[in-house]
Amino acid sequence: MFSSQTAGWVSAVVSLCLIGCCHCKGNEWKDSSVSLGNGSLSLRVNSDGTYSVAVQGTTWFNSHDTFFTIGGKTYSQMNGTLHLVSGIETSKGYDAKLGAYSRGTLNWRADDDDHTEIITSFEIYDHTITFTQDFSKSGLTGTSVGDENNICTGFPSFTLAKELAKSTGFMSYGHLFINDVATGSWSSSSKDVQGGLYGGPLAFFNESGSTIVMSAFNEFMASSVYYDPKSDAVTQGVMGKVKEIPKGYKLQTVIQFGTKLKETWFSWGELLQKTYGTKRWIDKDPSLKYLGFWTDNGAFYYYNMELGKNYEQTLLDVKEYANDNYIPYRYMQLDSWWYYKGLHGGVKNWTAEPIVFPDGLKSFQEQVGYQIHAHNRWWSSDTDYAMQNGGKYEFIVETGYAIPQDEQFWDYLFSSSKKWGLFLYEQDWLNVQFQVMNATLENITVGRTWLMGMNYGAEKNDMLLQFCMPMARHLLQSVEISPVTQARASGDYQPGNGQWDIGMTSIMHHALGIRPFKDNFWSTVEQPGNIYGKTEPHPALQATVAALSTGPVGPGDKIGYSNITLINRTCNSDGLLLKPSRPAMMIDISIINSALGSWKLSRQVWSTYSIVSGLVFGNLLSIDNLMSVELDTIDADLEMMTDPTYAFVDGSEKVWPFDSKNKIPVGPSSVSYYQLWHVSPGMSFKNDTFVLMGEVSKIVAVSPDRFRSLSVNQTAISMVLNAGTRETIELMFWSAKRGSTFTVSCTSIKTGTMNITLTDYGHYNCSME
């Protein structure tokens with residue numbers, strides 16, 4: 001545990017009040033300032049429109065600049081061409097979703113010929129401040145600065161207080177898949193704060209874990225963060241190539257405060273989802289519930305078929321092999337190899353080519369018997385669906401590329417595709433579709449219209465969505481798109497590469513209610529005849545990360561080269577995935593250490609847990625720690641753990657006490673020799689302490705997908721489980737008094753509910769409903 005080194009980084013419920021001058025205007029406000037909120041969180045606005053953010057009286061952020069581009073010229077507070085029209089106007093209010101707030105409003109006037117007026121405002125809630133650029137008085141033209149990775153408006157704009165730089169770390173999401181999560185000390189002269197098109201949410205934190213998260217709060221496809229290394233300032237605004245901002249447009253930014261790193265990310269995500277009424281369709285998604293077979297990049301059958309056979313025959317042989325070997329796949333993913341391509345490799349027509357499926361997808365789906373998850377890429381300029389090419393639907397068409405702007409197109413695409421068995425639409429190449437077109441970069445609404453049209457079609461047709469190759473803005477926009485249940489969390493799998501590393505990416509996915517997907521994997525080292533000329537040295541690690549992710553689990557093996565035992569470690573006999581209650585994510589102290597160098601634990605320690613009847617069963621994954629480190633339950637981020645608690649390493653029956661008085665030795669570990677710990681509570685029973693070690697043959701030994709309930713009384717430990725067809729469930733227990741283990745073994749004939757009653761050490765009863 002850490003002690004705070006910086007005054008002010010504490011959390012408390014913010015008391016909302018106003019001090020100073022209310023509704024002051026003009027000269028009345030001259031040489032004065034206004035404070036909004038005088039509890040733990042406060043914001044002071046000065047008479048020149050500058051402002052600062054403080055936590056318990058200690059200033060953390062000072063404003064840098066406020067600016068807007070009009071007619072090709074930037075009008076700025078700092079350069080003296082943007083002026084306050086009047087003093088700050090203050091008020092109180094109540095938002096039905098977010099609660100009570102205090103508001104401060106500033107009216108600005110630019111020195112352009114039209115004397116354009118723009119409004120900026122602040123709203124303070126409990127632990128939250130929102131910032132608004134309000135164009136209700138005037139729209140802007142000629143806003144482009146010619147660089148999509150810059151911004152053409154700026155508010156809010158911050159610099160961190162200089163005295164806090166050395167003790168403050170940062171965590172910056174960005175790049176493709178947001179899987180390049182930069183961390184470091186804010187005092188570093190070479191820090192990688194990721195901005196522009198690929199930039200995303202940014203967190204500031206100290207050694208104790210107290211955290212501030214900053215991100216766009218609306219208009220996610222048009223809003224960008226920009227970091228200027230010269231001024232060391234972070235600014236949120238409209239992306240830099242947008243040519244016009246319409247009258248009435250509003251752009252909002254949010255900052256969220258908390259006392260723990262990941263918990264602040266989660267409260268930030270909850271705030272976004274609450275604001276937009278996000279209700280993810282997680283429970284509807286079969287690919288999050290069951291094992292599937294994958295054919296995307298990295299899989300054996302990616303643009304690769306059995307010798308002398310077409311794709312249809314090859315995949316029917318996959319189904320036969322799976323049935324013969326009791327691999328319980330429940331759906332099949334079809335990648336980009338099956339549909340018609342047009343100019344520049346984009347989609348011309350999203351229907352099956354006869355050379356791939358001679359009798360069409362409907363016939364194939366009926367033969368294979370699996371539900372279909374299908375991939376799509378960007379739209380070609382010669383797509384058959386565009387009006388410009390004789391189609392029925394509104395597209396914007398440019399050289400080589402096109403983008404739909406018609407919600408009826410998505411209704412057609414999804415309704416027609418459901419007829420051949422599609423249950424999930426995978427929109428890949430999101431970054432390319434967005435960044436290569438002038439329309440998406442220059443028009444402030446085109447990007448959102450594209451994705452909200454997809455949402456319309458998905459909601460109307462009960463179609464699930466996966467986002468692949470997203471920028472951060474796509475993931476943020478998904479809070480308005482409840483059918484998005486999952487998103488790729490790292491680059492394409494290739495045998496032997498490190499794309500399993502999703503412990504940081506999964507934090508943002510989980511915060512937004514999206515399941516992170518690590519992509520397919522091989523379950524064996526050798527897959528002869530693969531198109532990559534590679535081997536997979538770490539199939540067990542690949543399967544472990546997939547199982548702990550809560551996302552899809554999708555082997556992509558060659559027929560005859562599956563490690564059936566390993567695959568079945570992830571699921572029951574019916575293919576039901578045995579997942580934890582939330583994704584495995586990097587523990588806070590690993591992130592803090594990587595940024596501030598304040599602890600000897602390296603980055604690769606992740607944790608997750610399963611909650612069964614209020615009891616917490618944890619997992620710790622140590623992947624790349626060169627030395628053994630003593631870890632306690634609090635630093636392990638295993639919420640709700642109570643004494644006594646015990647832990648054991650996967651594959652071992654040695655049980656360690658792991659509670660408020662006892663730590664466990666995590667590491668040493670490597671990619672080749674990772675370490676998976678299981679953590680279980682002790683249960684007082686028959687003058688002894690029993691520990692349910694669980695299904696030690698599974699990666700998640702105690703999963704809420706297996707265990708429906710668990711209760712203990714004076715006479716019995718009672719468990720209700722989900723059992724598959726012809727399945728033997730073996731549960732290991734440990735007795736503290738005896739210092740030994742015993743196994744409970746029960747067999748089901750068909751899928752149903754299994755009841756197990758443990759009456760004493762080694763004595764139990766099994767029954768099926």
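Treat the numbers as computed from the prediction; the structure is a model and nothing was measured. Heavy-atom basis, side chains included; hydrogens, waters and symmetry copies ignored. Residue numbers run from 1 in the order of the sequence given.
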Point to revise | Intermediate values then yes/no, side chain to side chain donor-acceptor pair (under 3.5 Å), Q604 and W606 | key: CA-CA 6 Å; Q604 294 298 346; W606 308 354; 2.9 Å; yes

Review point. Any donor and acceptor pair, going by atom type alone, linking the side chain of S703 with main-chain N or O of K579 inside 3.5 Å?
Key: yes

Review point. Are any non-hydrogen side-chain atoms of S478 and R280 less than 4.5 angstrom apart?
Key: yes

Check your understanding: Would you call R582-D637 a salt bridge at under 4.0 Å N-O?
Key -> no

Point to revise | Heavy atoms of other groups near K686 NZ, more than 12 under 6.0 Å | key: yes

Check your understanding: Do Y302 and D335 come within less than 4.5 Å of each other through their side chains, counting heavy atoms only?
Key -> yes

Practice item. Rounded to the nearest 0.5 Å, what's the gap from CD1 on I591 to CE on M171? Could you check? Key: 4.5 Å

Exercise for review: Taking the side chain as every heavy atom from C-beta outward, state whether P495 and T535 have any atom pair closer than 4.5 Å.
Suggested key: no

Check your understanding: How long is the gap from CZ on F300 to OH on Y561, to the nearest 0.5 Å?
Key -> 8.5 Å

**Study point:** Test salt bridge (charged side-chain N to carboxylate O under 4.0 Å, His left out) applied to D705 and K698, step by step
**Key:** CA-CA 12 Å; D705 299 297; K698 305 297 184 182; over 6 Å; no

Point to revise | Side chain to side chain, E727 and N572, heavy atoms closer than 4.5 Å | key: yes

**Study point:** Ring centre gap for W500 and Y674 strictly below 6.0 Å
**Key:** no

Review point. Does D643 use its side chain to pair, donor to acceptor, with the backbone of D659 at less than 3.5 Å?
Key: no

Practice item. Would you please test Q494 and N297 for side chain to side chain donor-acceptor pair (under 3.5 Å) and show each step? Key: CA-CA 7 Å; Q494 292 281 282; N297 190 14; 3.0 Å; yes

Point to revise | Exam field: side chain Q486 to backbone G551, donor-acceptor pair closer than 3.5 Å | key: no

Check your understanding: Considering only heavy atoms from C-beta outward, does the side chain of L512 approach that of W268 to under 4.5 Å?
Key -> yes

Check your understanding: Can you check side chain to side chain contact (heavy atoms under 4.5 Å, CB included) on N179 and D501, steps first, answer last?
Key -> CA-CA 8 Å; N179 71 326; D501 186 2; over 6 Å; no

Exercise for review: Look at the rings of Y532 and W522 and say which category their plane angle falls in: under 30° parallel, 30 to 60° tilted, over 60° perpendicular.
Suggested key: tilted

Practice item. Answer yes or no: does atom CG of D283 have more than 12 heavy-atom neighbours from other residues, nucleotides or ligands under 6.0 Å? Key: no

Exercise for review: Evaluate the side-chain proximity of F177 to T505: yes if any heavy-atom separation is below 4.5 Å, no if none is.
Suggested key: no

Study note, to complete from the structure: Shortest non-hydrogen pair, L638 vs G618, comes out as CD2-CA, 4.0 Å

Point to revise | Check: H373 main-chain N/O paired with Q333 side-chain donor or acceptor under 3.5 Å | key: no

Practice item. Taking all heavy atoms of L291 and all of P555, pick out the closest pair and write down the distance. Key: CD1-CD, 3.8 Å

Check your understanding: Can any side-chain N or O of Q527 pair as donor or acceptor with the backbone N or O of K558 at less than 3.5 Å?
Key -> yes

Point to revise | Backbone N/O of L261 and side chain of D588: donor-acceptor pair under 3.5 Å | key: yes

Exercise for review: Sequence neighbours left out, what passes salt bridge (charged side-chain N to carboxylate O under 4.0 Å, His left out) with D688? Give chain and number order.
Suggested key: R738

Exercise for review: For residues S506 and P583, report the shortest heavy-atom separation together with the two atoms involved.
Suggested key: CB-CB, 4.3 Å

Point to revise | Side-chain donor/acceptor of S607 to backbone N/O of I587, under 3.5 Å | key: no

Practice item. Have a look at K284 and tell me which of L464, L424, T485 forms a side chain to side chain contact (heavy atoms under 4.5 Å, CB included) with it. Key: L464

Review point. More than 12 heavy atoms of other residues, nucleotides or ligands under 6.0 Å from NZ of K289: is that the case?
Key: no

Review point. Where do L541 and V671 land on the side chain to side chain contact (heavy atoms under 4.5 Å, CB included) test, with the steps shown first?
Key: CA-CA 8 Å; L541 176 61; V671 175; 3.7 Å; yes

Exercise for review: Working to the nearest 0.5 Å, report the span between CZ of F648 and CD of E653.
Suggested key: 9.5 Å

Review point. What's the verdict on side chain to side chain contact (heavy atoms under 4.5 Å, CB included) for M504 and T183, showing C-alpha distance, side-chain angles and the deciding distance?
Key: CA-CA 10 Å; M504 294 278 275; T183 61; 3.6 Å; yes

Exercise for review: Drop me the distance from S680's OG to F690's CZ, to the nearest 0.5 angstrom.
Suggested key: 14.0 Å

Point to revise | L731 and Y764, any side-chain heavy atoms less than 4.5 Å apart | key: no

Study note, to complete from the structure: Between Y370 and R330, the two heavy atoms sitting closest are CD2-C, 3.9 Å

Check your understanding: Taking the six-membered ring where the residue is Trp, are the ring centres of H510 and F266 under 6.0 Å apart?
Key -> yes

Exercise for review: Would you name the heavy atoms of T743 and M732 that are closest together and state the gap between them?
Suggested key: OG1-CE, 4.3 Å

Exercise for review: For the pair S573 (side chain) and R726 (backbone), establish whether a donor and an acceptor sit closer than 3.5 Å, ignoring hydrogens and angles.
Suggested key: no

Point to revise | 4.5 Å side-chain heavy-atom contact, Y329 and I567 | key: yes

Review point. Quick one: does T524's side chain have a donor or acceptor within less than 3.5 Å of a partner on E526's backbone?
Key: yes

Review point. What's the spacing between I514 CD1 and L475 CG if we round to 0.5 Å?
Key: 5.0 Å

Check your understanding: Do we see a donor-acceptor contact under 3.5 Å between the side chains of T725 and D574?
Key -> yes

Check your understanding: Of Q499, K518, R488, E536, which meets side chain to side chain donor-acceptor pair (under 3.5 Å) against Y493?
Key -> E536

Practice item. Rounded to the nearest 0.5 Å, what's the gap from CE on M471 to CD1 on I178? Could you check? Key: 13.0 Å

Review point. Can you list the steps and then say if V181 with M586 is a side chain to side chain contact (heavy atoms under 4.5 Å, CB included)?
Key: CA-CA 12 Å; V181 188; M586 199 81 72; over 6 Å; no

Exercise for review: Please check if the distance between the ring centroids of Y761 and F742 is under 6.0 Å.
Suggested key: yes

Practice item. Give the minimum heavy-atom separation between P665 and S628, together with the two atoms involved. Key: CB-OG, 3.3 Å

Exercise for review: Quick one: do S482 and T278 satisfy side chain to side chain donor-acceptor pair (under 3.5 Å)? Show the steps, please.
Suggested key: CA-CA 6 Å; S482 292; T278 315; 5.4 Å; no

Point to revise | Any donor-acceptor N/O pair, N206 side chain to S208 backbone, under 3.5 Å | key: yes

Practice item. Specify whether H474 and F467 have parallel, tilted or perpendicular ring planes, treating 30° as the upper limit for parallel and 60° as the lower limit for perpendicular. Key: perpendicular

